[in-house]
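Here the structure is laid out as structure tokens; the discussion comes afterwards.
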Amino acid sequence: MSHENEHKAAAGAVIIPVTLFQQNCMLLWDETTRQAVVIDPGGDVPLIRDAIAKANVNVEAIWLTHGHIDHVGGAAELRDALKVEIIGPHIDDRFLFDLVEESGAKYGMAGVRNFTPDRWLNEGDRVSVGGLNFDILHCPGHSPGSVVYYNKAMKFAHVGDVLFAGSVGRTDFPGCSHEQLIQSITTKLLPLGDDVGFICGHGPGSSIGQERMTNPFLTGQA
Ligand SMILES: [Zn+2]
Ligand SMILES: [Zn+2]
């Protein structure tokens with residue numbers, strides 16, 4: 001997805017694995033305007049700020065896929081440092097933002113704070129950075145308020161912890177539902193098309209087609 005130069009905005013991106021959960025924090029930008037967003041700054045804020053400096057981009061917002069600690073632990077600190085808004089996830093994850101400190105203590109993450117995003121997202125909303133436009137898909141199951149950011153022009157999605165290469169999100173936390181998760185994947189992600197590539201919250205990315213054909217949770221073999 002890097003350096004595509006057609007009749008559409010070109011995107012640049014780097015993945016910064018953060019926290020003991022090796023969560024894929026993503027710095028994403030428009031190559032023309034250098035406007036950028038940070039998706040899921042779970043922690044290790046100095047590493048994220050280094051990546052921003054190295055990419056020489058101007059971060060305008062923080063986007064969140066869902067409210068779990070490994071995705072939001074560094075968001076309040078980064079918001080204060082960059083003076084930007086935190087956008088997403090869906091309001092059904094609101095309860096998780098009151099548990100950030102508690103979860104951080106459980107996993108030995110220092111300096112994390114409870115906070116409230118500046119704006120919640122709904123199914124059908126659209127968010128943009130420079131000329132890159134992302135449609136919001138509300139995909140509950142892994143958490144009630146999980147959202148997916150989908151860029152139709154780039155055939156690219158950031159799916160958070162909804163879907164992984166060869167697996168799906170955990171559903172053993174409060175508010176999770178495996179049945180609902182599979183429903184979200186089959187009714188909202190699979191219809192995006194086999195040629196849509198995705199980045200997820202942990203591990204390597206994949207494509208919708210690859211997962212439709214081989215993911216044991218979707219082929220009925222799990
Ligand atoms: Zn999660
Ligand atoms: Zn995660």
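Every number for a ligand or one of its atoms is a count from 1 in the order of the listing. Computed from heavy atoms alone, side chains included, the values below leave out hydrogens, waters and symmetry copies. Index from 1, following the sequence.
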> Using 4.0 Å as the upper bound for N to carboxylate O, is an ion pair formed by D80 and R113?
Replying inline: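 Salt bridge flag = yes for D80 with R113.
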
>> Taking W63's backbone N and O only, do any of them form a donor-acceptor pair with Y149's side chain (distance below 3.5 Å, no angle check)?
In response: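 Looks like no, no N/O pair under 3.5 Å.
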
>> Does D44 form a salt bridge (charged side-chain N to carboxylate O under 4.0 Å, His left out) with R49? I'd like the steps, not just the answer.
In response: CA-CA 9 Å; D44 299 325; R49 297 194 69 186; over 6 Å; no

> Heavy atoms, side chains only, cut-off 4.5 Å: are D40 and M26 in contact?
Replying inline: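 No, side chains not in contact.
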
>> Side chains of I62 and E85, heavy atoms from C-beta outward: is any pair under 4.5 Å?
In response: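 I62 does not reach E85 side chain to side chain.
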
> Around the Zn ion (ligand 1), what protein N, O or S atoms are found below 2.8 Å?
Replying inline: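 Listed by chain and number: H66 NE2, H68 ND1, H142 NE2, D161 OD2.
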
> How are the rings of H138 and H90 set relative to one another: parallel (under 30°), tilted (30 to 60°) or perpendicular (over 60°)?
Replying inline: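 If you compare the ring of H138 with that of H90, the planes turn out parallel.
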
